[in-house]
Amino acid sequence: MKALLQSYPPLSQVTPVESPEDVPFTALLEIPKFRAGESWEVAIWHSIDGEDWTEAEVPRIKSSEEPQALHTESKAVSRIYFATKLYFKNALRFTLKFRHGTDEPWRWIRDEQGLEDGHIVLLPAPSESDDLYNLITGLDAAWKVTSRMSQAPKTQLWSLETTVPPGENDLSSFTDIQIGTPWGSFLRWFALVRLWSPWLAPRHGKSHFSLDKDAIMLAFQSPEGRNMVLLAVSGLKDSVPVFRNTSGGAVSVNVRNDSTSDEKVVILVSEGNDFERSVAAVMYHARSLVMKARSTNQALEHELKSLSDAVRPEWLENWYDGLGFCTWNALGQRLTEQKILDAIDKLEQHNINITSLIIDDNWQSIDYQGPSQFQYGWVEFEAEPEAFPNGLKAAITKIRERSPNIQHIAVWHALLGYWGGISPNGKLAKKYKTIEVVREEAKRRNLPLGGKMTVIAKDDVSQFYEDFYKFLSDAGVDGVKTDAQFMVDMWLSASVRRELINAYLDAWNLTSLRYFSVKAISCMSQIPQALFNSQMLPNRPALLVRNSDDFFPQIPSSHPWHVWTNAYNSIFMEYLNVLPDWDMFQTVHDYSGFHAAARCVSGGPIYITDVPGEHNIDLIGQMTGVTPKGKTVIFRPSVLGKAIYPYIGYDDDLLLKVGSYHGASEIGTSMVAIFNISARPLTELITLSSFPGTVPSLNYVVRAHVTGKTSAPMKRDSPTSLITGSLDVRGYDIFTAFQAVSLTGRKHGDIWVANLGLVSKMTGGVAIVNSSISMKENGRGSVVVKLKALGVFGVYISALPNMALMEDFIVTLQDQAVPVETVRVSPADHRVLEVDIEKAWKDMKLEPGLLDEVEVKVSFAG
């Protein structure tokens, strides 16, 4: 086994700081346990403010000053911590080396682990007078540059505008215009590219800018640590701009113009010290531009608003917050009524209560004409007669009778009907006006997507959706998953694109809301026209939108990349009026826990696609809970999960960190999920300041879900507020920061207390409805909490090791004392009291009250 070295601030990363006076630096050395007695040394090799490189010792620190280790080190490993302070004026570049004795040669971290230099940079004071021509080297004079009022604090905003010519002979024009190089040079860049037509994906790089795919958003980090974000705005009329790079590594724009006249193109540019605010600046202004462009269609906007106003909050909760089951990977592509019924029976037998069922592709009547499904056309609304012999309505009725817990049943369909549109000889083609269109060839996976297809013509698109959704509604279907929306962006004809892209998107947006309210999933729709059209505008309730390419159970390398992609795509998607859907997954799989943790912190829905009978009941129990009234719910954070270090690349050999938050400001819970997407075990130091929404003035304890270990109370800005996270390949964990309250008691003195929510759940802090922690006049500490579901409730009490459960504690559920056997000290952490309120509820035979929640009170001798 090799020795491993890591630090905070980390290597292979740029760390901006606001004050250079004394930046705390900590290094962690992992060594084989049998070598722990050797005289290990760590030195930092650094360049201060561009001066010559010099060496400085990093002293070993006392065990009382070490970071909090929430992951137990393996029996074969020992950890040694070193710490110092770093001083510089503007920037410091560093690497590390170590050795196991003064007579031994130094071993460099770059050689041992491939980790590149770390950068620490002093952020400059925000500027309000910079000319964009001074910030972008080589900015092309073709752009009209206008300073705009930014809606994000401490950021600057500009719009770049130019016009591009129309195409000829019913073909779109394509125009290239150079922008230039941010600041003339940069340290890191991040882009969201069009992986292929339906999907976005992240790309990263360092000092040279080069894209392999067209991008819609770019971000650059300057040598001073500032951020420049560029956004290519679509949805204004009939042009679609994307970013590319020149041969010299500058930023350029390629514009597709579907119009018959010159079109205005808008690129938004922001700059600021804070990355999130810089992204917000361009996204907020883009929303204003698109809303203004859309305001000309008053009738559509008015109906969307009236339908949205009628949506009740409980409808949102029922759709978003239940556990779903999708038939796609579970049942294969030859779907039948009997297969669905058998799958539901298996779920019931395993006591898995799903609230939503998605009947995926292949229930339809299709013509099977052509070499693959991408040429198959849709024949009629009714289900395939052999697979569903009594029709769709009869099948839906049987499903609801068989499983009363299923509240919602959605069916799959393509935006254009099926993958190949409408069958030219089918019933639908005879009823509605159709046209023949030509698709370009796909540029991914060699899919045979090109060629002709028949689709409903513009005059009948609205009526087509009206009739189809009425048919579904009459059959008992109350939701849809509308897939293959990217097909409208693959048409070659400029006039077809002009007339039909928004016609289809608008008709689907309106009709789905009219018939199914919020119960719609938009899939394969990360095309610019949809992102800036139906998904950006705040004129309807948040829409579920698939956030990445598919979950591929049989491709091992796809799983870490899948979670990585969703985390980075959410940086953009969080500013749309959507809930990102990180896709279904299987609970019996090498990466099942990995995927489950990602879904739990995503802020989006959770639905599984297990092969019938193959279920990980324990894992499902960690994702879901049962309310007092018997409803199965998930624990979805109120703030969407996203990558918290935007410039870290997939190949940087660092943990993926996904941040999320739930609840009101300051009193909510903050989460950082960590994932090892590398091919080797990784250990990192994670600072409390990286937890979203944490406040410098408050104290927190951090709990690791997988290990059950909890930190001592710590403050955000303390140099010792570091957590050691260590994961094997495919490893994951969710760290949750809970506010810790200091109480002064008569018996045990000063006590730290924190409400940990449902410790049996991955995101159990989300279960907290409200909470109070106080010291009563009688000298007893009090924790009172209302929870949205049953499970194992946890309370951190620093003095717990010195307390006696029978003598010092009183625990009640709905104001009745719980059975003694349901209260215990956590086996994972002796400072955590656990109450199995699910068992207590059953043993006490309690009945739910008017509200579907449970109240727990813990009183203890202070």
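Fair warning: this is a prediction, and the values are worked out from it, not measured in the lab.
- Side chains of Asn257 and Ser239: a donor-acceptor N/O pair is absent below 3.5 angstrom, by distance only.
- Looking only at atom types and distance, the side chain of Ser423 has no donor-acceptor partner in the side chain of Gln369 under 3.5 Å away.
- The six-membered or imidazole ring of Phe551 lies near that of His589, with a centre-to-centre distance under 6.0 Å.
- A perpendicular orientation is assigned to the rings of Tyr432 and Phe464, their planes being inclined by more than 60° (bins at 30° and 60°).
- Using bins of under 30°, 30° to 60° and over 60° for the plane-to-plane angle, the ring pair Phe471/Phe468 lands in the parallel bin.
- Using bins of under 30°, 30° to 60° and over 60° for the plane-to-plane angle, the ring pair Trp412/Trp419 lands in the tilted bin.
- Looking at Asp345 and Gln349, their side chains never bring a donor and an acceptor atom within 3.5 Å of each other.
- Between Asp361 and Tyr418, the side chains place a donor N or O and an acceptor N or O closer than 3.5 Å (distance only, hydrogens not considered).
- No donor-acceptor contact under 3.5 angstrom links the side chains of Ser592 and Asn616, judged on distance only.
- A salt bridge does not link Arg256 to Asp238: none of the charged nitrogens lies less than 4.0 Å from a carboxylate oxygen.
- Side-chain atoms of Asp549 and Trp561 include no donor-acceptor pair closer than 3.5 Å.
- Between the side chains of Gln407 and Ser356, not a single donor N or O lies within less than 3.5 Å of an accepting N or O.
- Aromatic ring pairs are classed by plane angle as parallel below 30°, tilted from 30° to 60° and perpendicular above 60°; the pair Trp564 and Tyr568 is tilted.
- A centroid separation of 6.0 Å or more is found between the aromatic rings of Phe325 and His615.
- In summary, the side chains of Asn502 and Asn533 do present a donor paired with an acceptor at a separation below 3.5 Å, with no hydrogens or angles considered.
- Under 3.5 Å, the side chains of Asn547 and Asp581 contain no donor-acceptor pair of N or O atoms.
- Residues Arg599 and Asp583 are not paired through a salt bridge, judged by the lack of any N-O separation under 4.0 Å between the basic side chain and the carboxylate.
- Thr327 and Asp360 share no side-chain donor-acceptor pair at under 3.5 Å.
- Salt-bridge check for Lys346 with Asp342: failed, with every basic side-chain N at 4.0 Å or more from each acidic carboxylate O.
- Using modelled atom types and a 3.5 Å distance limit, the side chains of Tyr515 and Glu466 yield a donor-acceptor pair.
- For the pair Asn577/Arg540, a side-chain contact is recorded, criterion being any heavy-atom separation below 4.5 Å from C-beta on.
- For the residue pair Glu382 / Ser365, no side-chain donor-acceptor distance below 3.5 Å is found, with atom types taken as modelled.
- Side-chain atoms of Thr482 and Trp508 include a donor-acceptor pair closer than 3.5 Å.
- Side-chain contact of Asn362 with Tyr376: a donor-acceptor pair under 3.5 Å is absent, judged by distance alone.
- Inspection of the Asp258 and Ser172 side chains reveals an N or O donor paired with an N or O acceptor under 3.5 Å.
- At a threshold of 4.5 Å between non-hydrogen side-chain atoms, the residues Gln375 and Met453 do not count as touching.
- Checked against the 6.0 Å centroid threshold, Phe585 and His562 do not count as a close aromatic pair.
- Between Phe486 and Trp196, the distance separating the two ring centers is shorter than 6.0 angstrom.
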